[in-house]
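Whatever order the structure lists them in is the order used to number ligands and atoms, beginning at 1.
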Amino acid sequence: MDSIVGENHSHKIPVIDFSNKELKPGSHVWSSTCEEIRHGLEEYGCFVAKYNYYETQIFSQSKDLFDLPVETKMKNVSEEPFRGYLGKKPQIPLYEGLAINKVTSLEEIKKFANLIDIVHSYAKQLALLDEMATILVFESYGVQKHWKTVEAVHNHVLRFLKYTEPDRNSDTTIRFVPHTDLDFTTILHQNQVGGLQVQAKDGTWIDINPKPSHFIFMAGDMMKVWSNDRIRACYHQVKFSGDGERYSMGMFTFTDGEIEVPQEFVDEEHPLLYNYPFDSRKYIQFYVTADEAKKTKNPIKAFFGV
Ligand SMILES: O=C(O)CCC(=O)C(=O)O
Ligand SMILES: [Fe+2]
């Protein structure tokens with residue numbers, strides 16, 4: 001199998017070909033893929049999905065969107081935290097994000113006039129990729145019977161992301177500080193300018209260089225909780241290396257409703273670590289109101305811990 005190799009060759013993040021026609025339930029490719037995915041998520045909290053079926057014009061649309069006046073972008077509001085326009089925050093001054101909540105719904109996309117066809121087709125393809133990959137995760141742990149309850153509360157939020165360049169005389173090297181995502185899963189797609197790095201358990205940062213057909217599938221905090229800590233939440237950052245503006249796309253999949261740790265993840269060797277049932281929205285509410293100490297130390301434990 002293909003992989004992304006870390007600098008000293010001790011790390012290998014799996015690259016899974018989702019365009020492979022042999023990837024069908026019951027096939028040999030299916031079971032070896034389940035193993036690779038499980039390895040990627042347990043070691044790195046992520047793997048790379050190679051996927052050829054996507055809307056190629058999405059990044060030119062993204063540029064047009066960000067070129068709109070800031071007053072227009074600020075009309076992208078949401079009652080839920082992190083689901084509207086996010087711009088030039090003090091902690092991430094180079095970052096701008098525009099999100100479409102419930103993006104698989106045409107009604108929501110229509111609020112983004114002009115972009116309807118391209119965004120809708122891109123969002124549907126990414127939602128499909130997220131679904132295929134998540135089903136493989138469930139299969140790899142033999143918990144496929146719990147998929148329907150998770151699927152029922154899935155909400156895909158598509159976010160356009162743009163990073164400007166730091167001031168010439170600043171010594172900034174980071175575009176997005178190290179973090180885990182608060183959602184169930186995230187799919188990231190980078191344009192030509194890379195910078196995304198994933199941290200291995202030993203602290204090594206691994207560069208994920210951009211390729212048009214490469215989508216990084218990452219586990220968020222909620223998937224870590226759901227798996228009773230079998231899966232790591234992917235710890236990642238975006239580096240700046242003097243390489244111009246950067247555009248990326250993120251499909252953030254939340255569980256907007258209650259889910260539970262499948263009983264298959266709990267036994268003598270793996271006691272239940274989290275109280276349940278749990279809902280993304282309550283966790284995010286907690287996160288935005290929690291003090292810095294709780295946020296940086298271990299927000300999952302502070303909120304869900306048994
Ligand atoms: O731009 C990227 O590649 C990563 C963005 C990210 O990590 C986030 O928005 O949570
Ligand atoms: Fe992130």
Side-chain angles (χ1 to χ4, degrees), residues 4 13 41 44-49 51 54 58-59 62-63 65-66 73 76 78 80-101 103 122-123 126 129-130 155-166 172-199 205-224 231-241 243-254 280 283-284 287-288 295-296 299-300:
I4 306 275
I13 298 180
L41 292 176
Y44 306 104
C46 72
F47 62 88
V48 174
Y51 191 58
Y54 66 94
I58 195 76
F59 285 109
S62 174
K63 187 161 185 340
L65 256 183
F66 283 111
K73 292 186 273 194
N76 177 222
S78 169
E80 303 275 346
F82 306 128
R83 296 189 191 180
Y85 174 68
L86 284 175
K88 319 261 158 117
K89 294 259 176 212
Q91 320 85 301
I92 36 175
L94 307 176
Y95 166 98
E96 262 188 291
L98 276 164
I100 312 180
N101 194 20
V103 70
Y122 184 80
L126 254 62
L129 176 61
D130 178 74
N155 175 20
H156 302 289
V157 176
L158 183 69
R159 190 177 291 133
F160 295 80
L161 301 162
K162 178 186 175 183
Y163 301 78
T164 45
E165 287 200 88
T172 306
T173 54
I174 294 292
R175 283 187 138 147
F176 201 126
V177 291
H179 65 284
T180 56
D181 289 351
L182 306 173
D183 55 4
F184 196 66
T185 55
T186 302
I187 294 179
L188 288 174
H189 190 198
Q190 307 182 85
N191 200 15
Q192 291 101 341
V193 178
L196 181 67
Q197 293 187 315
V198 165
Q199 195 178 55
W205 286 104
I206 304 163
D207 289 317
I208 313 282
N209 295 325
K211 274 198 186 168
S213 64
H214 276 190
F215 294 79
I216 302 95
F217 180 96
M218 305 191 309
D221 289 349
M222 295 301 282
M223 186 174 251
K224 171 183 157 81
I231 292 174
R232 281 182 72 199
C234 185
Y235 195 60
H236 57 287
Q237 67 176 12
V238 182
K239 235 181 61 179
F240 171 70
S241 359
D243 42 10
E245 286 182 335
R246 173 176 188 271
Y247 290 87
S248 58
M249 297 294 300
M251 173 70 99
F252 299 84
T253 300
F254 295 91
S280 283
Y283 176 47
I284 290 167
Y287 188 87
V288 294
K295 254 186 244 189
T296 43
I300 313 179

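- Annotation: E245, atom CD; neighbour count of heavy atoms from other residues, nucleotides and ligands within 6.0 Å is above 12.
- From the protein, the heavy atom lying nearest to atom 9 (O) of ligand 1 is F252 CZ, 3.5 Å.
- Between Y54 and L129 there is no side-chain heavy-atom pair separated by less than 4.5 Å.
- Q237 does not count as a contact of ligand 1, since none of its heavy atoms falls under 4.0 Å from the ligand.
- Note: L188 CG to M249 CE = 10.5 Å, rounded to the nearest 0.5 Å.
- Near F176, meaning under 4.0 Å from any of its heavy atoms, are these atoms of ligand 1: 8 (C), 9 (O).
- At a 4.0 Å heavy-atom cut-off, ligand 1 does not touch T186 at all.
- Under the 30°/60° scheme for interplanar angles, the aromatic rings of F66 and Y247 are found to be tilted.
- Of all the atoms in ligand 1, the ones that sit under 4.0 Å from a non-hydrogen atom of Y163 are 1 (O), 2 (C), 4 (C), 5 (C).
- Ligand-side atoms of ligand 1 in range of H236: 7 (O), range being under 4.0 angstrom from any heavy atom.
- Geometrically, R246 does not engage F176 in a cation-pi contact, judged by NZ or CZ lying under 6.0 Å from the ring centre and within 45° of the ring axis.
- Y122 and H189 share a side-chain donor-acceptor pair at under 3.5 Å.
- At least one heavy atom of H179 sits closer than 4.0 Å to an atom of ligand 1.
- Applying side-chain contact (heavy atoms from CB on, under 4.5 Å) to L94 and the options E165, K89, K162, R175 leaves one that passes, R175.
- The distance cut-off of 2.8 Å around the Fe ion (ligand 2) captures these protein N, O or S atoms, sorted by chain and number: H179 NE2, D181 OD1, H236 NE2.
- Considering backbone and side-chain N/O atoms, R246 comes within less than 3.5 Å of an N/O atom of ligand 1.
- Looking at S78 and N101, their side chains never bring a donor and an acceptor atom within 3.5 Å of each other.
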